[in-house]
Amino acid sequence: MATAKTTKSNETKNTGSATAKKTVKPANKTAKKSTTNTAKNTSVAEEKKKILFVASESTPFIATGGLAEVIGSLSKALASSDKFDVRVVIPLYSDIKKEYRDKFTYLGNLYVHLAWRNQYCGIFTYVKDGVTFYFIDNEFYFKRPGCYGYYDDGERFAFFSRSVLEIMPFLNFYPDVMHCHDWQSALSAIYLKTNYCFREEYQFIRALFTIHNIEYQGQYSLDLLCDLFDIFGEYRYLVEYKNSINLMKGAIECCERFSTVSPRYAEEIKNAYYAHGLEDIVRKNEFKLCGILNGIDDLSYNCELDSHLFANYKPDDFSNKAVCKKELQNMLNLPQNSETPIISMVSRLVSHKGLDLVTNVIEELLQEDVQVIILGTGDASFEGYFMELAKRYPDKISANIVFNGDLSRKIYSGSDIFLMPSKSEPCGLSQMIACRYGTIPVVRETGGLFDSIKPLHNGYTFANYNAHDMLYVLRQAIFDYKNKEEWSKLMYRAATTDFSWSHSAKEYESLYLDMLK
């Protein structure tokens, strides 16, 4: 256990905790200054370009959504190359799985200044799949259930972002590229280019900021600029936008490059319909914008190896998929009929996921010979609607208002059609996962759904955000399902579509190297 000492100034008392495997002293607490930001290298390892991911979550340690999947999988894919030394820093949440916490190594601690605060910052580390992970420890900010949704999230992630810069001398690790993800880490890029820009050892760090969802921007009252975020008058213009603080705007302005998680989304956020008020900033900085489609972990989502499935199968032999379907119907108390197509949704139950389209026409859809399975949590109105609908159509629909990773994989493998009619979707992973299990996606042509699903190659698409356009395409898929020979070919093409990180990682490699020219 790491425990903060009491300070005599106006500090907030904090302690840090994790189960330390052992205590070690850092090799060098003071970084050696260098005008090139690198020591003279003699080994291959030292010649690698240094990449530091800054994010609020990462698999396998803690995950609330797609961001964690990206951090865990992309860092692993990049680390497999001999070009990069990849490291990741995230907060040490109390919800991080104990099986990993027990293996963390305590490196030491320091104090981080943030405006008038002087806060304890413990540093733990763990190496997995060639990636070095660092965990920022502070119980006052991170010993809470979950990751987000607290009144002081702004202060929590300001401390985290400032800590990222402060631990670099302690670790004697100055990255060539600091890759920040979403608004929770936006201040790392802002601090790098403001408070730290005059420090010699920080001057050669390039910053890349990736937008996973532009809807969440980190907006706060301007009254908090100095007292909370430690940003003073000369830098106010960087984060000020529409009479408030906007941390995402500040990161876009400060970074050498910024990106989105699909090429289509990079174009969409130049438009007010998708940009949630940031379209002017995006267009102003579009010369440094690019879009790279996310991948998925193709070893984890693998119908041949996945232990969550009722039965495993191969893309060239889907016979056991029928077993998965039958057992899923039995598990969810639906009639066991192999000829009735199962349409599934694994989603957060919120409006921008297209749930308003679904609620408008689902009773028309249920007049067809289909079964519908819903899995997810979200707005109470949608949760209540689907639960009530399941009571009225017990042989047609199963509403599972829970977050359940095991059940989600059983649904992916046991379904025939996967519905994803999002109003906006920066990338989306569910449509790729469905493909991996031979379940055919029906998606709206937006963001990463447009980039990943191609009509009649690996799925079905519709363009307009219209409930009956969606219903028309669903009926087409239901009709095609009856043609078993053609449907099997479609399943094979979907299951063998390459959604691995290998291609996307190469694009990030090119982006990093281009930034370092």
Side-chain angles (χ1 to χ4, degrees), residues 51-55 67 70 74 157-158 161 164-165 175-197 202-220 222 225 229 231 234-294 424-427 446-448 451 504 507-517:
I51 310 298
L52 179 66
F53 281 64
V54 185
L67 170 62
V70 172
L74 176 57
F157 291 107
S161 295
V164 170
L165 280 299
D176 295 297
V177 176
M178 185 174 71
H179 189 169
C180 306
H181 297 263
D182 270 351
W183 78 264
Q184 292 91 348
S185 65
L187 277 161
S188 292
I190 296 167
Y191 290 146
L192 175 67
K193 302 301 181 180
T194 55
N195 303 38
Y196 291 78
C197 68
Y202 293 87
Q203 289 181 3
F204 297 91
I205 301 174
R206 271 69 164 180
L208 170 64
F209 180 65
T210 295
I211 299 171
H212 294 258
N213 191 335
I214 203 169
E215 182 176 357
Y216 307 104
Q217 301 172 3
Q219 294 173 283
Y220 295 91
L222 281 170
L225 189 67
F229 294 114
I231 298 174
E234 61 183 316
Y235 298 127
R236 172 174 171 153
Y237 75 98
L238 289 171
V239 297
E240 184 175 5
Y241 190 61
K242 296 184 177 179
N243 201 36
S244 69
I245 295 170
N246 190 306
L247 300 179
M248 184 173 284
K249 181 260 187 182
I252 292 172
E253 296 276 26
C254 288
C255 284
E256 277 79 14
R257 300 289 292 273
F258 75 108
S259 67
T260 65
V261 289
S262 69
R264 177 78 165 206
Y265 195 58
E267 292 301 314
E268 288 175 343
I269 62 172
K270 299 174 187 177
N271 186 300
Y273 184 79
Y274 292 97
H276 293 274
L278 272 183
E279 61 276 3
D280 292 339
I281 300 302
V282 173
R283 287 197 296 265
K284 173 187 171 186
N285 292 276
E286 66 177 303
F287 67 95
K288 54 183 181 179
L289 169 65
C290 68
I292 299 175
L293 184 67
N294 283 341
S424 65
E425 195 67 58
C427 175
T446 183
D451 291 319
S504 302
E507 291 193 56
Y508 276 108
E509 286 183 17
S510 299
L511 178 57
Y512 296 149
L513 296 175
D514 185 61
M515 292 174 65
L516 295 172
K517 285 181 180 177

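Only a predicted model underlies this, so the values are computations on that prediction, with no experimental measurement involved. Note that these values count all heavy atoms, side chains included, but never hydrogens, waters or copies made by symmetry.
- A salt bridge links E256 with K193: at least one charged nitrogen is closer than 4.0 Å to a carboxylate oxygen.
- Between Y512 and H179, the angle of the ring planes goes over 60°, which puts this pair in the perpendicular group of the 30/60° scheme.
- Taking 4.5 Å as the limit, every side-chain heavy atom of D176 sits out of range of all side-chain heavy atoms of F204.
- Atom CD of E425 is separated from atom CG of N213 by 8.5 Å, given to the nearest 0.5 angstrom.
- The shortest non-hydrogen separation linking D451 to P263 is OD2-CD, 3.2 Å.
- Side chains of C180 and L208 form no contact here, defined as non-hydrogen atoms less than 4.5 Å apart.
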Which is it for E279 and K270 under the side-chain contact (heavy atoms from CB on, under 4.5 Å) test, yes or no, and what are the steps along the way?
-> CA-CA 5 Å; E279 61 276 3; K270 299 174 187 177; 5.9 Å; no

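- Within the 4.5 Å cutoff, the side chain of I231 has no heavy atoms near those of the I245 side chain.
- Residues that satisfy the ring-ring contact (aromatic ring centres under 6.0 Å, His included) test with Y241, not counting sequence neighbours, are absent from this structure.
- The distance from atom OH of Y196 to atom OG of S188, rounded to the nearest 0.5 Å, is 9.5 Å.
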For T210 and F258, run side-chain contact (heavy atoms from CB on, under 4.5 Å): C-alpha distance rounded to whole Å, both residues' side-chain angles, the deciding distance at 0.1 Å, then the answer.
-> CA-CA 6 Å; T210 295; F258 75 108; over 6 Å; no

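- A 4.5 Å side-chain heavy-atom check between V177 and L516 finds at least one atom pair inside the cut-off.
- When all heavy atoms of S161 and S185 are compared, the pair lying nearest together is OG-CA, 3.8 Å.
- Between N195 and I190, every side-chain heavy-atom pair lies at or beyond the 4.5 Å cut-off.
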With side-chain contact (heavy atoms from CB on, under 4.5 Å) as the test, would you mind laying out the steps for M178 and V164 before giving the verdict?
-> CA-CA 10 Å; M178 185 174 71; V164 170; 4.2 Å; yes

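- Between the side chain of S504 and the main chain of L293, a donor-acceptor pair closer than 3.5 Å is present.
- Here the CD1-NE2 distance, from I269 to H276, works out to 10.5 Å after rounding to the nearest 0.5 Å.
- Side-chain atoms of S259 never come within 3.5 Å of backbone atoms of G291 as a donor-acceptor pair (strictly under, hydrogens ignored).
- Inspection of the T446 and E268 side chains reveals an N or O donor paired with an N or O acceptor under 3.5 Å.
- Using a 30° and 60° split on the angle between ring planes, F157 and W183 fall in the perpendicular class, above 60°.
- Checked by atom type and distance alone, the side chain of Y265 pairs as donor or acceptor with a backbone atom of I214 at under 3.5 Å.
- The shortest heavy-atom contact between Y273 and N271 is N-OD1, 2.8 Å.
- Taking OH of Y235 as the start and SG of C254 as the end, the distance is 9.5 Å to the nearest 0.5 Å.
- Judged by distance alone, with hydrogens and angles left aside, the side-chain atoms of K242 form no donor-acceptor pair with the main-chain N or O of L278 at under 3.5 Å.
- Partners of F229 according to the ring-ring contact (aromatic ring centres under 6.0 Å, His included) rule, which considers only residues two or more places apart in sequence or in another chain, are Y220.
- Taking the charged nitrogens against the carboxylate oxygens, K284 and E253 do have a contact shorter than 4.0 Å, which makes a salt bridge.
- I211 is not listed as a side-chain neighbour of V261, based on a closest heavy-atom distance of 4.5 Å or more.
- A heavy-atom distance below 4.5 Å is found between the side chains of M515 and R206.
- The shortest distance between side-chain heavy atoms of H212 and H181 falls below 4.5 Å.
- With S262 contributing its side chain and G448 its backbone, the two residues share a donor-acceptor pair below 3.5 Å.
- To the nearest 0.5 Å, atom OG1 of residue T260 and atom OH of residue Y274 are 13.0 Å apart.
- Atoms SG and OH, from C197 and Y202 in turn, are 12.0 Å apart once rounded to the nearest 0.5 Å.
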Begin with the C-alpha distance, continue with both residues' side-chain angles, and end with the deciding distance and a verdict on side-chain contact (heavy atoms from CB on, under 4.5 Å) for Y216 and D182.
-> CA-CA 8 Å; Y216 307 104; D182 270 351; over 6 Å; no

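- Side chain of N246 to main chain of M248: a donor-acceptor pair is present (N/O by atom type, distance under 3.5 Å, no hydrogens or angles).
- The shortest heavy-atom contact between C290 and L511 is SG-CD2, 3.8 Å.
- Within the 3.5 Å criterion, the main-chain N or O of I281 finds no donor-acceptor partner in the side chain of K249.
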